[in-house]
Trainee: 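My questions all concern the structure below.
Computation of the quantities below employed the complete heavy-atom set of this structure, encompassing side-chain atoms and omitting hydrogens, waters and symmetry-equivalent molecules. Letters A, B, ... are given to chains in the order of the sequence lines, protein chains preceding strands, and every chain is numbered from 1.
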Number of protein chains: 2
Amino acid sequence: MTVSITDVARAAGVSASTVSRALRGRPGVSDEVRAQITAVAEQLGYTASRSASSLASGRTFTIGVVAPYIGRWFFGTVLDAAEQVFSAAGYDVLLYNLGSAEARKRFFTKMPVRKRVDAVLSLLIPDEEESAALRSLGVPLASTVGGARPGFTVVGIDDRAGAESAVRHLVNLGHRRIGMISGASGPLHWTTPVDRRAAYLHVLAEAGIEPDPALEADGDYTVEGGERAMTELLAASRPPTAVFAQSDEMAMGALRALRRHRLRVPEDVSVVGFDDHELADVVGLTTVAQPVAGQGAEAARLLLRQLDEQDAVPRGRVEMPIRLVLRETTAPPRPRGPQ
Amino acid sequence: MTVSITDVARAAGVSASTVSRALRGRPGVSDEVRAQITAVAEQLGYTASRSASSLASGRTFTIGVVAPYIGRWFFGTVLDAAEQVFSAAGYDVLLYNLGSAEARKRFFTKMPVRKRVDAVLSLLIPDEEESAALRSLGVPLASTVGGARPGFTVVGIDDRAGAESAVRHLVNLGHRRIGMISGASGPLHWTTPVDRRAAYLHVLAEAGIEPDPALEADGDYTVEGGERAMTELLAASRPPTAVFAQSDEMAMGALRALRRHRLRVPEDVSVVGFDDHELADVVGLTTVAQPVAGQGAEAARLLLRQLDEQDAVPRGRVEMPIRLVLRETTAPPRPRGPQ
DNA sequence: GGTTGTTGCGCAAGCGTTTGCGTTCAGTTT
DNA sequence: AAACTGAACGCAAACGCTTGCGCAACAACC
């Protein structure tokens with residue numbers, strides 16, 4: 001049916017081992033024979049069976065990527081960039097979309113990547129148990145987003161610095177009642193929301209502003225959540241004149257809520273987001289930009305390097321640059337409160 | 001090092017074949033022995049090697065998904081939904097991101113999925129040669145988006161009907177100079193842009209409006225492209241009073257261009273998009289909605305059914321519902337032209 | 001012309017499963 | 001009691017590669 005290595009060997013008048021060595025660029029084959037084998041293989045349309053070759057060699061030339069919510073812009077963009085690096089290097093990627101709690105549990109109990117991948121890139125933060133399970137695979141591990149775990153190479157950003165610049169920008173504009181839409185919930189055990197919240201509180205303290213629990217709401221990292229959270233904040237007895245949303249998607253939800261309340265941005269309320277979503281520019285959102293695709297590509301590259309060097313030692317932590325992007329959703333507060 | 005089937009067999013005091021049958025629910029094993037084997041396997045943390053089992057059985061329990069631009073909302077969402085269906089059914093997904101021409105060429109010449117997948121889901125439209133290559137894999141094939149190809153189960157929408165409803169909406173509002181931002185370029189050989197353009201021309205003819213080539217521009221299916229295209233249209237001697245963009249991303253780009261030109265939407269120019277992007281609601285974009293995640297999930301389900309029925313006959317074409325969603329970017333034209 | 005090196009290639013033993021077939025054995029049927 | 005059942009299990013041969021080792025053949029040294 002399908003052409004195997006012995007078919008090529010027979011057609012070329014050599015042994016299967018020689019075909020194997022020739023096609024993979026291994027030494028021990030003369031140039032003429034190698035050229036002839038290559039030609040024959042090409043003509044027969046031969047592709048080595050990955051199952052067989054990985055069974056024999058132990059290498060799979062496959063990278064496992066586990067990610068939550070790949071439909072969201074952030075994760076989709078990271079995945080896109082990482083995949084390009086992997087496939088350019090000849091690796092395939094096995095994708096595991098762990099958005100739901102069940103999917104996540106199923107993955108970590110069945111561990112379908114065992115013996116199937118040479119490395120894994122995680123776009124979510126595994127908890128202690130989960131990262132132990134990943135380490136037990138005995139392959140290089142990398143992670144984007146969030147805090148470091150032992151055994152992982154992680155590339156990320158300085159979440160605190162980013163959030164500080166966003167909130168400080170609002171303070172500098174003269175705002176005193178600054179709300180925050182966070183994204184603490186969900187099954188992601190990441191440090192990002194925690195770090196960004198700490199930064200928010202730090203800047204408030206720095207400016208001598210008393211934090212007000214009524215000015216914090218959970219937006220679940222979604223547009224709808226951001227809308228709900230903004231609606232909540234507006235219902236406070238003294239609503240904020242400015243809001244820091246921990247993601248652009250939540251910031252956009254907040255914009256929608258403000259529009260529905262007939263409040264003008266930035267005249268009545270200022271909004272600053274985080275990520276520099278591809279559509280942030282369309283809505284004129286002020287935000288702190290991070291290199292999203294860059295993080296995916298960099299993590300992929302570091303993983304490949306570990307693979308090449310046969311060296312399972314993680315590369316530590318790499319920090320990517322961030323910067324505040326000023327657009328049209330922030331301005332000084334009006335002399336009197338927005339209401 | 002790692003525990004194999006013979007380790008389990010030895011520990012349970014049976015042969016490897018019995019372990020294999022027991023763990024996969026095959027007949028020929030008594031209930032007691034099966035229970036004991038299951039317990040031993042669990043305790044040893046045994047997971048069967050996929051390479052070995054697919055080498056022996058010919059089945060891989062893996063689905064190949066080829067997609068362009070997985071970072072874009074549309075494809076990311078389809079992929080997300082499809083992956084959930086596949087992994088819930090116990091299949092892994094091998095992802096091939098074929099955004100660039102090189103990646104695409106590399107994929108179709110090396111055909112890395114050969115002998116690696118049980119089926120393939122394509123989120124792009126292969127040309128004649130490429131679809132022949134896919135058919136030669138001898139596995140069930142499905143595709144979302146675009147026109148049917150022999151051998152493929154395809155789930156999609158009625159692009160003509162969708163585009164017609166968008167353009168007819170503009171006509172009904174009283175517009176006569178209606179522009180279109182299309183997305184004909186790029187390495188995707190799909191019929192979508194063609195169908196939507198045909199619908200546009202059809203509705204114009206229906207309304208007795210003479211089509212004007214100066215009112216069509218290519219937006220490349222991106223935000224930036226949409227912005228450029230809108231800028232072009234505005235430079236026409238008699239610019240449009242309304243624009244139909246073939247995707248929401250291009251429509252958003254158009255909105256940005258209009259804002260930069262200090263034109264108001266919908267007072268000066270009406271805009272209607274296509275897709276119902278998750279952020280369309282945020283910017284108040286009128287658009288024709290299609291079930292994006294639904295298409296991914298449905299295509300995945302159909303593929304799995306073909307797999308179960310050992311039946312490589314494609315399921316033909318499934319059409320998903322569409323509907324026009326009215327928001328705030330469309331209104332009747334002003335009595336006089338916008339300039 | 002014998003020893004030592006190289007180079008180029010084939011042999012065969014795996015890698016960890018699956019599966020057709022053969023064997024055993026307890027339980028029926030004549 | 002002999003013969004015939006199934007059911008439950010083991011044997012061993014694949015599946016298609018990779019790779020350590022062996023063995024020619026030939027070149028290069030004293």
Trainee: Is A/Ser20 close enough to D/dT18 that one of its side-chain N or O atoms is under 4.0 Å from OP1 or OP2 there?
Mentor: yes
Trainee: Any salt bridge between A/Glu102 and A/Lys105, counting N to O under 4.0 Å?
Mentor: no
Trainee: Could you give the CG-to-C1' distance, from A/Leu55 to C/dC15, as a whole number of Å?
Mentor: 4 Å
Trainee: Any side-chain N or O of B/Ser15 below 4.0 angstrom from OP1/OP2 of D/dG10?
Mentor: yes
Trainee: Map B/Ala56 and B/Gly13 onto DNA chain D by nearest heavy atom, then report which one ends up closer to the 5' terminus.
Mentor: B/Gly13
Trainee: Does A/Ser17 get its side chain close enough to the base of C/dC11, under 3.5 Å, for a donor-acceptor pair?
Mentor: yes
Trainee: Whole angstroms only, please: what is the CZ-P distance between B/Arg50 and C/dT17?
Mentor: 12 Å
Trainee: What is the distance, to the nearest angstrom, from the CZ atom on B/Phe61 to the C1' atom on C/dG16?
Mentor: 17 Å
Trainee: Tell me the bend of the helix from C/dG2-D/dC29 to C/dT30-D/dA1 as the angle between end helix axes, each from five pairs, rounded to the nearest 10 degrees.
Mentor: 50°
Trainee: Please report the shortest heavy-atom distance between A/Ala12 and A/Val40, naming the atom on each side.
Mentor: CB-CG2, 4.1 Å
Trainee: Could you tell me the separation between the CD1 atom of A/Ile5 and the C1' atom of D/dG16, rounded to a whole number of Å?
Mentor: 8 Å
Trainee: Would you say the side-chain atoms of A/Ser54 and A/Thr60 include a donor-acceptor pair closer than 3.5 Å?
Mentor: no
Trainee: Please determine whether a side-chain nitrogen or oxygen atom of A/Thr18 lies at a distance below 4.0 Å from atom OP1 or OP2 of C/dG10.
Mentor: yes
Trainee: Please state how far atom CZ in A/Arg59 lies from atom P in D/dT19, giving the value in whole angstrom units.
Mentor: 10 Å
Trainee: Counting only distance, no hydrogens or angles, is the base of C/dG10 paired donor-acceptor with the side chain of A/Arg21 under 3.5 Å?
Mentor: yes
Trainee: Look at B/Arg24 and C/dT19 and indicate whether a side-chain polar atom (N or O) is within less than 4.0 Å of OP1 or OP2.
Mentor: yes
Trainee: Hey, is the side chain of A/Ser4 poking within less than 4.0 Å of OP1 or OP2 on D/dG16, counting only N and O atoms?
Mentor: no
Trainee: With a 4.5 Å limit on heavy-atom distance, are the side chains of B/Gln290 and B/Phe74 in contact?
Mentor: yes
Trainee: Quick test of your reading of the model: are A/Arg317 and A/Glu319 salt-bridged, counting only N-O distances below 4.0 Å?
Mentor: yes
Trainee: Is the closest side-chain heavy-atom distance between A/Phe108 and A/Glu129 below 4.5 Å?
Mentor: no
Trainee: Just by distance, with hydrogens left out, do A/Asp92 and A/Thr62 show a side-chain donor and acceptor under 3.5 Å apart?
Mentor: no
Trainee: Please determine whether a side-chain nitrogen of the Lys or Arg among B/Arg72 and A/Glu278 lies less than 4.0 Å from a carboxylate oxygen of the Asp or Glu.
Mentor: no
Trainee: Heavy-atom contacts under 4.0 Å between residues 26-37 of chain B and DNA chain D, which residues?
Mentor: B/Gly28, B/Val29, B/Ser30, B/Val33
Trainee: Provide the closest heavy-atom pair for A/Val85 versus A/Leu304 in the form atom of the first, atom of the second, distance.
Mentor: CG1-CD1, 3.7 Å
Trainee: Let me know the distance between CZ of B/Arg116 and P of D/dG16, rounded to the nearest Å.
Mentor: 16 Å
Trainee: Start with the C-alpha distance between A/Asp308 and A/Arg305, add both sets of side-chain angles, then the distance that settles salt bridge (Lys or Arg N to Asp or Glu O under 4.0 Å), and finish with yes or no.
Mentor: CA-CA 5 Å; A/Asp308 284 347; A/Arg305 200 184 307 165; over 6 Å; no
Trainee: Expressed in angstrom and rounded to an integer, what is the separation of B/Asp7 atom CG from C/dC15 atom P?
Mentor: 11 Å
